[in-house]
Amino acid sequence: MADKMAQDPNMDDLMDTLFAEAKGDAAGVPSDDFMARVLADAEALQPAAVDLTEPVKPRGLLQVLFETIGGWQGTGGLVAATMASVWIGFSGADVLSVEGLQAVVSGDTDFYLSDLGGDFSFDFGEG
């Protein structure tokens, strides 16, 4: 076989030859006793059937939402992201007075939380 591999330049023909030899080899076929033992082991490891006679307790909307988000880990991540965004949004907004905040919350305002000038450029102080 090693001589055939060294002499045959076409690898496809070589692979076809190797596969044909492997198909004809009876040593590669597992015995019936071995297959019976494998199937018995697999059947022993199967999970038990669920008893469907007990009614399933209904779950509330918040419990389903909580589980969908990912439990405590997902909810904790969302709370942390929300608090971070609130902190980032209001930190450094010392120019916003109480009256300005009330106007922004009520919606009837022309205040913007931006340092852009009228020409849409940032104003930098000299010095």
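The shown structure was predicted, so the numbers you read here are calculated from the model rather than taken from an experiment. What's counted below: heavy atoms across the whole structure, side chains too, no hydrogens, waters or symmetry copies.
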Suppose we screen for side-chain contact (heavy atoms from CB on, under 4.5 Å). Which residues come up paired with Q73, at least two apart in sequence or across chains?
none
What are the two closest heavy atoms between L78 and I69, and how far apart are they?
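Residues L78 and I69, closest heavy atoms: CD1-CG2, 3.6 Å.
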Flag the pair F19 / K23 as yes when at least one side-chain heavy-atom distance between them is below 4.5 Å, and no otherwise.
no
Counting N and O atoms only, with roles assigned by atom type, does the side chain of S85 sit under 3.5 Å from a partner on the main chain of T82, one being a donor and the other an acceptor?
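Yes; judged by distance alone, with no hydrogens or angles, the pair exists.
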Spatial distance of atom CE (M11) from atom OG1 (T17) [nearest 0.5 Å]:
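M11 CE to T17 OG1: 10.5 Å, rounded to 0.5 Å.
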Just how far is it from atom CG of L65 to atom CZ of R59, taken to the nearest 0.5 Å?
11.5 Å
Which side-chain N or O atoms in residues 31-50 pair as donor and acceptor under 3.5 Å with protein atoms at least two apart or in another chain?
unit_1, atom_1, unit_2, atom_2, d
S31, OG, F34, N, 3.2

